[in-house]
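For the numbers below, each heavy atom of this structure counts, side chains included, while hydrogens, waters and symmetry mates do not. Starting from 1, each residue takes its place in the sequence as its number.
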Amino acid sequence: MSDEQIPVVRDVDQGTAKLMPDVDRERAWLLTVDGAPQSYVDLDDPEHLEFEYVRRLAHVLDCAAEPGAALDLVHLGGGGLTLPRYAAATRPGSHQQVVEFDGPLLALVTEHLPLPDGDGIEVHAADARQWLEQAPAASADVIVADVFGGSRVPAPLTSLEYARQAARVLRPGGLYAANLADGAPFGFLRTQLATFAAVFAHLALVAEPAVLRGRRFGNVVLLASDTEPDLGPLARRCAADVFPARVEQGPAVTRLAGAARPVTDATAVASPEPPAGTFSVG
């Protein structure tokens, strides 16, 4: 094992971060914080994606425009910068802004998992909500929100006021995609549907069928747009993935939201704590 493949452990703002090499892939690394998986990065193959929800977000990016077309992307939450690396490889020429609150974590990642030169990725050590509020209007084609404090989505990134800021920053026809986590009876997810439905005309969900049926706690990707997207290509990609997922929209999403009401900054709460062992690694 070379020096570059030695595990790295460092204290960061949110706990203890570990970069662990994958023995099966020469320059691939798993990033965890306090034992919870955060990112998987293959420096030699940025299109190789390990985590199920990351693959689904990548499918969203694949279907957001014509193949290979450059996009203006905002990533709220950075982790190992897996998705920005993927977008740089699959949509060369894209301009990407990455906002990560944990400055020491960002320093660890950029030091040991450096970004290629000229990849169009700008990283910012900043609070995601505050950064978004200062971003120019109509400046992004896609906003990807993958922000977790530990294993919970922070309350300021779940409110009506936040959703309005996301809509302001998106261009007409732009797409908001958020990685959320919940389980039956979906109290958190229902309020998120109600909140974003108050701002965006069209919503959809992407998740493993077992999660949507309430059989287990897991990740759900929320999609929101002011125009109705063609979700057929996305549905086909997700269904054919090695980790199959389903795309739900229209009446199915309305039924799931039920009588839930939007949450504001005054009433928003963080997403629920996952059951013990849900996302941990040994």
Inset, instruction - For residues Val41 and Arg85, determine if any side-chain heavy atom of one lies less than 4.5 Å from a side-chain heavy atom of the other. - result: yes

Inset, instruction - Give a yes or no on this: more than 12 heavy atoms of other residues, nucleotides or ligands lie within 6.0 Å of atom CD of Glu111. - result: yes

Inset, instruction - For Asp42, check salt bridge (Lys or Arg N to Asp or Glu O under 4.0 Å) against everything at least two apart and list the hits. - result: Arg25

Inset, instruction - Give the minimum heavy-atom separation between Phe217 and Glu273, together with the two atoms involved. - result: CE1-O, 4.4 Å

Inset, instruction - Assign the ring pair Phe196 / Phe200 to parallel, tilted or perpendicular, where the plane angle (0 to 90°) is split at 30° and 60°. - result: parallel

Inset, instruction - Could you pull out all residues at least two apart from Tyr86 that satisfy ring pair (Phe, Tyr, Trp, His ring centres under 6.0 Å)? - result: none

Inset, instruction - For Arg10, look at atom CZ and say whether over 12 heavy atoms of other residues, nucleotides or ligands are found less than 6.0 Å away. - result: yes

Inset, instruction - Please collect all salt bridge (charged side-chain N to carboxylate O under 4.0 Å, His left out) contacts where either partner lies in residues 251-268, sequence neighbours excluded, each pair once. - result: Arg129-Asp265

Inset, instruction - Quick one: pull up CZ in Phe188 and CZ in Arg152 and give me the separation to the nearest 0.5 Å. - result: 9.5 Å

Legend entry - Side chain to side chain, Val144 and Leu57, heavy atoms closer than 4.5 Å: yes

Inset, instruction - Please go through Phe243's hydrophobic cluster and name the other residues, only I, L, V, M, F, W, Y counting, with side-chain heavy atoms under 4.5 Å joining them. - result: Val242

Inset, instruction - Indicate the atoms forming the closest heavy-atom contact of Ile143 with Ala166, along with that distance. - result: CD1-O, 3.6 Å

Legend entry - Under the side chain to side chain donor-acceptor pair (under 3.5 Å) test, residues paired with Gln14 that sit two or more places apart: none

Legend entry - Between His124 and Gln97: side-chain donor-acceptor atoms closer than 3.5 Å: yes

Legend entry - Residues that Asp230 engages under side chain to side chain donor-acceptor pair (under 3.5 Å), provided they are two or more places apart: none

Legend entry - Phe101, CZ: over 12 other non-hydrogen atoms inside 6.0 angstrom: no

Inset, instruction - Nearest 0.5 Å please: distance from the CD atom of Gln192 over to the CG atom of Leu180. - result: 6.0 Å

Legend entry - Selection residues 170-181 - residue pairs positive for salt bridge (charged side-chain N to carboxylate O under 4.0 Å, His left out), sequence neighbours left out: Asp72-Arg171, Asp141-Arg171

Legend entry - Gap separating the CG atom of Leu83 from the OH atom of Tyr53, nearest 0.5 angstrom: 9.0 Å

Inset, instruction - Please check if the side chain of Thr110 supplies one atom and the backbone of Leu106 the other of a donor-acceptor pair under 3.5 Å. - result: yes

Inset, instruction - Using the salt bridge (charged side-chain N to carboxylate O under 4.0 Å, His left out) rule, collect all pairs that involve residues 57-71, keeping only residues at least two apart or in two chains. - result: Asp62-Arg237

Legend entry - Non-hydrogen atoms of Ser94 and Ala70 that approach each other most closely: OG-CA, 3.5 Å

Legend entry - Value rounded to 0.5 Å, distance of CG in Asp119 from CD in Gln96: 7.5 Å

Inset, instruction - Scan for salt bridge (charged side-chain N to carboxylate O under 4.0 Å, His left out) pairs involving residues 188-198, sequence neighbours excluded, and state none if there are none. - result: none

Inset, instruction - Report the residues that fulfil side chain to side chain donor-acceptor pair (under 3.5 Å) with Glu100, sequence neighbours left out, ordered by chain and then residue number. - result: none

Inset, instruction - Quick one: closest heavy-atom pair of Val147 and Gly77, and the distance? - result: CG2-N, 3.7 Å

Inset, instruction - Name all pairs fulfilling the side-chain hydrogen bond (donor to acceptor under 3.5 Å, both in side chains) condition that reach into residues 172-183, sequence neighbours left out, sorted by first residue then second. - result: Asp146-Asn179, Tyr162-Tyr176, Asn179-Asn219

Legend entry - Partner set under side chain to side chain donor-acceptor pair (under 3.5 Å) for Asp241, not counting sequence neighbours: Arg55, His59

Legend entry - Side-chain heavy-atom pair Leu193, Thr191 within 4.5 angstrom cut-off: no

Inset, instruction - State, yes or no, whether a side-chain contact exists between Phe148 and Val153 at a heavy-atom distance under 4.5 Å. - result: yes

Inset, instruction - Please tell me if the side chains of Leu113 and Leu81 come closer than 4.5 Å, counting only heavy atoms from C-beta onward. - result: no

Inset, instruction - Search all heavy atoms of Ala204 against all heavy atoms of Val253 and return the closest pair with its distance. - result: CA-CG2, 4.3 Å

Legend entry - Value rounded to 0.5 Å, distance of CZ in Arg168 from OG in Ser139: 7.5 Å

Legend entry - Donor-acceptor pair, side chain of Asp226 and main chain of Gly173, under 3.5 angstrom: yes

